[in-house]
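Only a predicted model underlies this, so the values are computations on that prediction, with no experimental measurement involved. So that the names make sense, note that chain A is the first sequence line, chain B the second, and so on, each numbered from 1.
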2 protein chains.
Amino acid sequence: MKVFKRDVGQLCRRAPLFAALGDETRLTLLMKLGDGQPKSISQLSKGESVSRQAITKHLQVLNEVGLVRGVRQGREKLFQVEKKPLEEVRTALDLISRQWDDALDRLKTHLENS
Amino acid sequence: MKVFKRDVGQLCRRAPLFAALGDETRLTLLMKLGDGQPKSISQLSKGESVSRQAITKHLQVLNEVGLVRGVRQGREKLFQVEKKPLEEVRTALDLISRQWDDALDRLKTHLENS
DNA sequence: TTTATACGCAACCATACAGTTGCATGTCAA
DNA sequence: TTGACATGCAACTGTATGGTTGCGTATAAA
């Protein structure tokens, strides 16, 4: 499979998404939200070792890359997980993974024939 | 699908890997190495806008999470891509993706029945 | 109308990180 | 041997990031 320049660009544009996933606290938050039930900041802070404000900031980061969405409801802000961006990351990973496979296979074959 | 505590742990342990992927320069390096052909630091620096030392540091980061492996050969150090860690990330993402799907489906069904 | 809860805002701090520069070391080739 | 190339090491800089604290505001409940 040929690696097109636009694939490179596509993948590189995902960097902020990966960066957002590159933090334990944020991954924990995503797992907490993984049951689909919207949760408030206070709920999400409960049980965590860091302050509510820290959690708020992490939720902002996740929001900026579209991984979560927060809606004000009464005096609390309910967050829920957003599927689309994660799908995109999966697709991107599948792409490079397949490209690597192919490349390494070709390389192996090439070495065996020489 | 039930979300087991150990899944949460497993995913959270991937944070450094995601973090390593969360940088444009590093993603570019991975794409450059994606053809399976080992490449030296100088080769990888060529065409990039940052210094060779910067590239070296990025390669170190990629190496620490196992995404890349470097072997000294003569006066140059050849790097090549390592498939395993990427597979692990893909698996982890597939897992949460499926969990979210299931959860959101259940939630939707539940709402429709009430 | 109080009181408690949930959140937003802003300032501040420490550290991690991307990047640079300068210089030393090792290796190949003429 | 000498020069050119490839890398390693160390110090330094600016900025982003994760975290805290204090305080103000809005909303729900008593």
Side-chain angles (χ1 to χ4, degrees), chain A residues 8 11-33 37-81 85, chain B residues 8 11-33 37-81 85:
Chain A
V8 182
L11 183 63
C12 287
R13 243 165 277 139
R14 307 269 181 257
L17 242 163
F18 285 119
L21 293 171
D23 180 281
E24 270 199 33
T25 308
R26 286 196 287 267
L27 286 180
T28 306
L29 289 174
L30 287 179
M31 294 307 283
K32 277 194 180 183
L33 289 169
Q37 299 277 4
K39 290 171 179 48
S40 75
I41 299 180
S42 297
Q43 277 178 273
L44 291 169
S45 301
K46 205 156 283 178
E48 299 299 318
S49 58
V50 296
S51 71
R52 171 183 58 89
Q53 283 306 323
I55 300 292
T56 302
K57 285 191 186 182
H58 283 302
L59 287 169
Q60 272 171 10
V61 174
L62 291 173
N63 178 67
E64 272 159 20
V65 298
L67 276 168
V68 302
R69 197 161 44 93
V71 184
R72 195 67 187 259
Q73 190 145 342
R75 67 176 158 181
E76 50 191 12
K77 190 165 182 180
L78 299 180
F79 281 87
Q80 62 183 74
V81 101
Chain B
V8 183
L11 184 63
C12 287
R13 242 166 277 138
R14 306 269 183 253
L17 243 162
F18 285 119
L21 292 171
D23 180 280
E24 271 201 34
T25 309
R26 286 196 286 268
L27 287 180
T28 306
L29 288 175
L30 287 179
M31 294 305 282
K32 276 194 180 182
L33 289 169
Q37 299 277 2
K39 290 173 181 44
S40 73
I41 298 180
S42 297
Q43 277 178 273
L44 291 169
S45 302
K46 205 156 284 179
E48 300 299 317
S49 57
V50 296
S51 71
R52 172 183 58 88
Q53 284 305 324
I55 299 293
T56 302
K57 286 190 184 178
H58 283 301
L59 287 169
Q60 274 171 9
V61 173
L62 291 173
N63 178 66
E64 273 159 21
V65 298
L67 275 168
V68 108
R69 197 161 43 94
V71 184
R72 194 67 187 259
Q73 191 146 339
R75 67 176 158 181
E76 48 190 12
K77 190 164 183 181
L78 299 181
F79 282 87
Q80 62 183 75
V81 100

Atom [atom1] of [X] and atom [atom2] of [N]: how far apart are they, to the nearest Å?
{"X": "A/D23", "N": "C/dC17", "atom1": "CG", "atom2": "P", "value": "11 Å"}
{"X": "A/E24", "N": "C/dA16", "atom1": "CD", "atom2": "C1'", "value": "16 Å"}
{"X": "B/K39", "N": "D/dT7", "atom1": "NZ", "atom2": "P", "value": "13 Å"}
{"X": "B/F79", "N": "D/dG8", "atom1": "CZ", "atom2": "C1'", "value": "12 Å"}
{"X": "A/Q43", "N": "C/dT5", "atom1": "CD", "atom2": "C1'", "value": "13 Å"}
{"X": "B/I41", "N": "C/dG19", "atom1": "CD1", "atom2": "P", "value": "15 Å"}
{"X": "B/L44", "N": "D/dT7", "atom1": "CG", "atom2": "P", "value": "9 Å"}

Atom pair [atom1]/[atom2] of [X] and [Y] - distance to nearest 0.5 Å:
{"X": "A/L33", "Y": "A/Q43", "atom1": "CG", "atom2": "CD", "answer": "9.5 Å"}
{"X": "A/I55", "Y": "A/S40", "atom1": "CD1", "atom2": "OG", "answer": "11.5 Å"}
{"X": "B/L30", "Y": "B/L59", "atom1": "CG", "atom2": "CG", "answer": "9.0 Å"}
{"X": "B/D23", "Y": "B/H58", "atom1": "CG", "atom2": "NE2", "answer": "4.5 Å"}
{"X": "A/I41", "Y": "A/T56", "atom1": "CD1", "atom2": "OG1", "answer": "4.0 Å"}

Legend entry - Contact list for residues 38-51 of chain B, test salt bridge (Lys or Arg N to Asp or Glu O under 4.0 Å), sequence neighbours left out: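 Found B/K32-B/E48, B/D35-B/K39.
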
Any side-chain N or O of B/S51 below 4.0 angstrom from OP1/OP2 of C/dT20?
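It does, given that an N or O in the side chain of B/S51 lies less than 4.0 Å from OP1 or OP2 of C/dT20.
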
#### Entry: B/K77 vs D/dA6: side-chain N/O to OP1/OP2 distance below 4.0 Å
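No, because none of the side-chain N or O atoms of B/K77 sits under 4.0 Å from OP1 or OP2 of D/dA6.
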
- Shortest non-hydrogen contact between A/N63 and A/G70, atoms and distance: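 Between these two residues, the closest heavy atoms are OD1-N, 4.4 Å.
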
Quiz item: So which of residues 54-62 of chain B are in contact with DNA chain C, with a heavy-atom cut-off of under 4.0 Å?
Solution: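 Under 4.0 Å from DNA chain C: B/A54, B/K57, B/H58.
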
I'd like to know whether A/L78 forms a side-chain contact (heavy atoms from CB on, under 4.5 Å) with A/Q80, so could you lay out the CA-CA distance, the side-chain angles of the two residues, the decisive distance to 0.1 Å, and finally the verdict. CA-CA 7 Å; A/L78 299 180; A/Q80 62 183 74; over 6 Å; no

B/V65: partners by side chain to side chain contact (heavy atoms under 4.5 Å, CB included), with sequence neighbours left out
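Only B/P16, B/L17, B/A20, B/L67 meet the side chain to side chain contact (heavy atoms under 4.5 Å, CB included) criterion with B/V65.
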
List the residues meeting side chain to side chain contact (heavy atoms under 4.5 Å, CB included) with A/E64, not counting sequence neighbours, and say none if there are none.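 Result, side chain to side chain contact (heavy atoms under 4.5 Å, CB included) vs A/E64: none returned.
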
### Query
B/S40 side chain: which of C/dC7, D/dT20, D/dT7 is closest?
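Among the listed nucleotides, the one closest to the side chain of B/S40 is D/dT7.
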
Determine to 10° how strongly the helix from C/dT1-D/dA30 to C/dA30-D/dT1 is bent, judged from the axes of its five-pair ends.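 Angle reported: 20°, given to the nearest ten degrees.
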
Set out, line by line, the N/O atom pairs under 3.5 Å between protein and nucleotides 22-30 of chain C.
none

